[in-house]
Undergrad: 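I have a structure I would like to understand better, so I am pasting it below and will then ask my questions one at a time.
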Amino acid sequence: MDLPDPAPRDSGAAPVPTDGPLVDRYGRVHRDLRVSLTDHCNLRCTYCMPAEGVPWLAKPDLLTTDELVRVVEIAAGLGITEVRLTGGEPLIRPDVVDVVARVASISGPDGPLEVSMTTNGLGLQRLAVPLHEAGLARVNVSLDTLSRERFAEITRRDRFDDVIAGIEAAASAGLAPVKINSVLQRGINDDEAADLLRWALEHGYELRFIEQMPLDGGHTWQRSQMITGAEILAALREEFTLTEVPGRGAAPAERFLVDGGAAVVGVIASVTMPFCGACDRLRLTADGQLRSCLFARGESDLREILRSDGTDEEVERIVRTCVAGKLAGHGINRPGFLQPPRPMSAIGG
Ligand code: SAM
Ligand code: SF4
């Protein structure tokens, strides 16, 4: 089903299946759960949050590890096969290795869950080996520039060397493939597309560019500042031959073979080329709210049910209802689009 940027509010009561896979009314089967381990972060990327940070979630509201693991177990029973741990910065959760070990020991319909993580890389020098031993399969590390000075400007912290060392630690620990996420901003780092790809190829990392989305805590996103997927591809094609890899499935990244070789580069054009029609993702925030989309304006409260002795069946019912009510698309390009109240850092990117 191809839904380029469908109306987000084409609802009507959605029938809620009582068994079978987590399917919504558009036939999308949900297999990928993104779990935010914290909304806090040790960087302050300009496209993500203001210098002073954002209003943090109240500590007592954060799911305990037992609560989080219970939700993942129930989700695995409903057909989830992949869990991506994220945040905020997931590596600043003190028991992150234990969380990985417990989540990686859960089985879904295809066997043990595949557990990956999106991280800014700052904790990887210390944690890559224990995370790998605990069952983490791979990491996506965010890096937007190869310049130490620009890194400090973009993240408002002088930690470039630590991120590079973290990426190297991930690769040597066997967290493969190491994927690199880059966001380009106009007039800031948009001249680095080809440099980043050359660097990634040299080191055997898989690079993915992400279009900047209207999800920042400071509400500063401007369409004119966003470097589009088309601009990124045009810049890369000045230096490389890119051949589209067919069979994208539910993956957000459109992938291209580089110079006909084994290496690939990805472009996640969430704004200009939405891929909602094949989306199979659900998100659990650090405070126990289930979201069917990054851009959803509504959430389903799992924390309340977990803390009031709710049964697994009651939790399942909420998960199924959340999926059933998922809208056709995010609607960013439609008049009247409203940025969700939660910033990306508090949803889990
Ligand atoms: N702190 C971790 C990190 O930076 O990788 C994980 C959370 S972060 C919210 C997840 C991903 O979202 C990162 O790759 C980051 O670059 C990206 N991101 C954050 N804000 C964004 C925005 N407004 N538009 C597009 N991507 C964004
Ligand atoms: Fe932190 Fe990730 Fe947001 Fe940067 S993008 S401020 S590293 S949560």
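In listed order, ligands and their atoms are each counted from 1.
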Undergrad: In the protein, what heavy atom is nearest to atom 1 (N) of ligand 1, and what distance, to one decimal place, separates them?
TA: G88 O, 3.0 Å
Undergrad: Which protein non-hydrogen atom lies closest to atom 24 (N) of ligand 1, naming both residue and atom, and how far is it?
TA: M213 N, 2.8 Å
Undergrad: What protein heavy atom sits nearest atom 9 (C) of ligand 1, and how far away is it?
TA: M344 CG, 3.3 Å
Undergrad: Quiz question: by atom type and distance under 3.5 Å, do the side chains of T285 and D287 form a donor-acceptor pair?
TA: yes
Undergrad: Nearest non-hydrogen atom to atom 6 (S) of ligand 2 belongs to which of C45, G349, S142?
TA: C45
Undergrad: Going by the atom numbers of ligand 1, which of them fall below 4.0 Å from some non-hydrogen atom of N120?
TA: 2 (C), 3 (C), 5 (O)
Undergrad: Let me know which of L91, T119, L85, V115 forms a side-chain contact (heavy atoms from CB on, under 4.5 Å) with L131.
TA: L91
Undergrad: In terms of relative ring orientation, are H40 and W56 parallel, tilted or perpendicular, with 30° and 60° separating the classes?
TA: parallel
Undergrad: Give the atom numbers and elements of ligand 1 that come within less than 4.0 Å of a heavy atom of E211.
TA: 24 (N), 25 (C)
Undergrad: Checking R157 against N120: is there a side-chain donor and acceptor pair closer than 3.5 Å?
TA: no
Undergrad: Are any of the N or O atoms of E89 closer than 3.5 Å to those of ligand 1?
TA: yes
Undergrad: Ligand 1 and C48, any nitrogen or oxygen pair closer than 3.5 angstrom?
TA: no
Undergrad: Please state which protein non-hydrogen atom is closest to atom 8 (S) of ligand 1 and give its distance, to 0.1 Å?
TA: G87 O, 4.4 Å
Undergrad: So which atom in K326 and which in C279 form the shortest heavy-atom distance, rounded to 0.1 Å?
TA: NZ-SG, 3.1 Å
Undergrad: Once rounded to the nearest 0.5 Å, what's the spacing between atom CE of M344 and atom CG of D216?
TA: 10.0 Å
Undergrad: Taking side chain as C-beta onward, heavy atoms only, is F160 less than 4.5 Å from S147?
TA: no
Undergrad: Take R148 and D161 through the salt bridge (charged side-chain N to carboxylate O under 4.0 Å, His left out) test and state the conclusion after the steps.
TA: CA-CA 8 Å; R148 182 172 296 109; D161 293 339; 2.6 Å; yes
Undergrad: Angle class for the H203/W199 ring planes (parallel below 30°, perpendicular above 60°, tilted otherwise)?
TA: tilted
Undergrad: Could you list which atoms of ligand 1 come closer than 4.0 Å to a heavy atom of T86?
TA: 6 (C), 7 (C)
Undergrad: What heavy-atom pair brings R84 and S116 nearest, and what distance separates the two atoms?
TA: NE-OG, 2.9 Å
Undergrad: Measuring to atom 3 (Fe) of ligand 2, does C48 have an N/O/S atom at a distance below 2.8 Å?
TA: yes
Undergrad: Run the numbers for me: atoms of ligand 2, each under 4.0 Å from some heavy atom of N120, listed by number.
TA: 7 (S)
Undergrad: Can you check whether Q212 has an N/O within less than 3.5 Å of an N/O in ligand 1?
TA: no
Undergrad: Any idea which protein heavy atom is nearest atom 10 (C) of ligand 1, and the distance to it?
TA: T118 CG2, 3.8 Å
Undergrad: Report yes if some N/O of S142 lies less than 3.5 Å from some N/O of ligand 1; otherwise report no.
TA: yes
Undergrad: Look only at interatomic distance and state if T119 has a nitrogen or oxygen under 3.5 Å from any nitrogen or oxygen of ligand 1.
TA: yes
Undergrad: Is the closest basic N to carboxylate O distance between R342 and E299 below 4.0 Å?
TA: yes
Undergrad: Would you mind checking which non-hydrogen protein atom is closest to atom 2 (Fe) of ligand 2, with the distance to 0.1 Å?
TA: C41 SG, 4.4 Å
Undergrad: Relative to ligand 1, is N181 under 4.0 angstrom through side chain, backbone, both or neither, heavy atoms considered?
TA: side chain
Undergrad: If the cut-off is 4.0 Å to any non-hydrogen atom of V183, which atoms of ligand 1 fall inside it?
TA: 16 (O), 26 (N)
Undergrad: Could you find the nearest protein heavy atom to atom 21 (C) of ligand 1 and give me its residue, atom name and distance?
TA: Y47 CD1, 3.6 Å
Undergrad: Any ion pair linking D61 and K59 (charged N to carboxylate O, less than 4.0 Å)?
TA: no
